[in-house]
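Structure first, commentary second.
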Amino acid sequence: MENSGFATHPVGLKKPNPWGLYDIYGNAGEWVQDEYHISYKGAPIDGGAWENALPSVSTPVRVRRGGGWNGNAGCCRSAERLFVAQDKRLNSLGFRVVKDI
């Protein structure tokens, strides 16, 4: 948290990773398209998003990956997988816009 100044920052202020991607970890946790499931049993095998809502949930929950400015260093990794109700807004949560080229 000390490195962040307790806030998110504009993308690209730090050096990119070896693949040229900026701000992969630590700036903001990343919303992903998948709805949260407790395990991967029944997940799509084609790499597509897993969006079938659980019938008992009134507000679907989405997966949040990586760590934001307000987390500890152990949360700054792709395997970090938590969930947040899809109608929740947090100043430590964002998304990444991507384009196939």
Side-chain angles (χ1 to χ4, degrees):
M1 285 190 265
E2 298 84 21
N3 185 36
S4 71
F6 302 99
T8 57
H9 295 280
V11 173
L13 294 180
K14 306 286 185 176
K15 292 180 181 178
N17 70 11
W19 300 277
L21 300 173
Y22 290 87
D23 301 314
I24 297 296
Y25 308 116
N27 195 24
E30 188 172 324
W31 270 138
V32 298
Q33 190 171 350
D34 296 324
E35 290 184 7
Y36 182 83
H37 295 79
I38 198 156
S39 75
Y40 289 104
K41 185 176 181 180
I45 59 172
D46 64 358
W50 196 4
E51 295 191 280
N52 55 332
L54 300 173
S56 62
V57 177
S58 59
T59 302
V61 292
R62 300 284 175 176
V63 173
R64 181 196 64 87
R65 291 216 177 254
W69 61 265
N70 61 343
N72 63 43
C75 295
C76 291
R77 58 195 190 99
S78 296
E80 174 74 1
R81 180 177 170 268
L82 297 173
F83 58 88
V84 180
Q86 73 179 29
D87 61 353
K88 186 80 169 171
R89 301 296 177 255
L90 302 167
N91 66 0
S92 60
L93 184 62
F95 62 93
R96 183 174 303 276
V97 177
V98 296
K99 179 182 177 183
D100 286 333
I101 53 173

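Keep in mind that this is a model prediction, so the values were computed, not measured.
We find the CG-CG distance between Leu13 and Asn27 to be 8.5 Å, quoted to the nearest 0.5 Å. Interatomic distance, Arg77 CZ to Cys75 SG, rounded to the nearest 0.5 Å: 8.0 Å. Note that NZ of Lys15 and OH of Tyr22 are 11.0 Å apart. Values are rounded to the nearest 0.5 Å.
Under a hydrophobic clustering in which Ile, Leu, Val, Met, Phe, Trp and Tyr are joined whenever their side-chain heavy atoms come within less than 4.5 Å, directly or via other members, Leu90 and Phe95 fall into the same cluster. Val61 and Val63 end up in the same hydrophobic cluster when Ile, Leu, Val, Met, Phe, Trp and Tyr side chains are linked at under 4.5 Å. Put simply, Phe83 and Val32 are part of the same group of oily side chains (I, L, V, M, F, W, Y) that touch within less than 4.5 Å, one to the next.
Taking every heavy atom of both residues into account, Tyr36 and Leu82 meet most closely at CD1-O, 4.1 Å. Of all non-hydrogen atoms in Ala49 and Pro44, the two that sit nearest each other are O-CG, 3.7 Å. For Gly94 against Ala28, the heavy-atom pair with the smallest separation is N-CB, 4.0 Å. Of all non-hydrogen atoms in Glu35 and Glu51, the two that sit nearest each other are OE2-O, 3.2 Å. Lys41 approaches Trp50 most closely through the heavy-atom pair O-CH2, 3.3 Å. Smallest separation of non-hydrogen atoms from Asp34 and Gly48: OD1-O, 4.2 Å.
More than 12 heavy-atom neighbours from other residues, nucleotides or ligands sit within 6.0 angstrom of CG on Leu21.
Side-chain atoms of Arg81 never come within 3.5 Å of backbone atoms of Ser78 as a donor-acceptor pair (strictly under, hydrogens ignored).
A 4.5 Å side-chain heavy-atom check between Val84 and Trp31 finds at least one atom pair inside the cut-off.
One finds no salt bridge joining Glu30 and Arg64 here, because no Lys/Arg side-chain nitrogen approaches an Asp/Glu carboxylate oxygen to under 4.0 Å.
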